[in-house]
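Here the structure is a predicted model, which is why all the values come from computation and not from measurement.
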Amino acid sequence: MKKCLDKLGTIGGYVGAIICVVAVFGRFYSLVTIQGYNAKSILICGIGIGVFACWAKLQAASIKD
């Protein structure tokens with residue numbers, strides 16, 4: 001379970017960061033919507049995935065071998 005949570009946290013961190021970067025660049029180029037979704041909503045989704053990734057990494061760190 002520790003390995004699974006650790007990998008899930010790593011993948012989630014990368015995905016969350018990529019989603020946040022896409023939303024920020026979209027707003028930087030004055031796009032209100034990205035693929036039909038509001039840029040703010042995409043940013044909030046990326047932040048939520050990042051928070052989940054942090055939680056998964058903390059859970060993996062707290063599991064004893």
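Between Ile49 and Gly12, the shortest heavy-atom distance links the atoms CG2-O, 3.3 Å. Across all their heavy atoms, Gly9 and Lys57 have their closest contact at CA-CG, 4.0 Å. Contact between Ala23 and Ala39 at its shortest, heavy atoms only, is CB-O, 3.7 Å.
In this structure, OG1 in Thr10 is found 10.5 Å from CG in Leu5, a value given to the nearest 0.5 Å. To the nearest 0.5 Å, atoms OG (Ser62) and NZ (Lys2) are separated by 9.0 Å. Taking CD1 of Ile11 as the start and NZ of Lys7 as the end, the distance is 7.5 Å to the nearest 0.5 Å. For the atom pair CD1 (Ile63) and CG (Asp6), the distance works out to 9.5 Å, reported to the nearest 0.5 Å. To the nearest 0.5 angstrom, Ile34 atom CD1 is 11.0 Å from Ile19 atom CD1.
Val24 is connected to Val51 through a chain of hydrophobic side-chain contacts under 4.5 Å among Ile, Leu, Val, Met, Phe, Trp and Tyr, so both are in one cluster. If you chain together hydrophobic residues whose side chains sit under 4.5 Å apart, Val15 and Tyr37 fall into the same group.
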Quiz item: So Leu43 and Arg27, side chain to side chain contact (heavy atoms under 4.5 Å, CB included) or not? Walk me through it.
Solution: CA-CA 10 Å; Leu43 181 65; Arg27 287 302 298 153; over 6 Å; no
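Looking only at side-chain heavy atoms (C-beta outward), Ile42 and Gln35 stay at 4.5 Å or farther from each other. Between Leu8 and Phe52 there is a side-chain heavy-atom pair separated by less than 4.5 Å.
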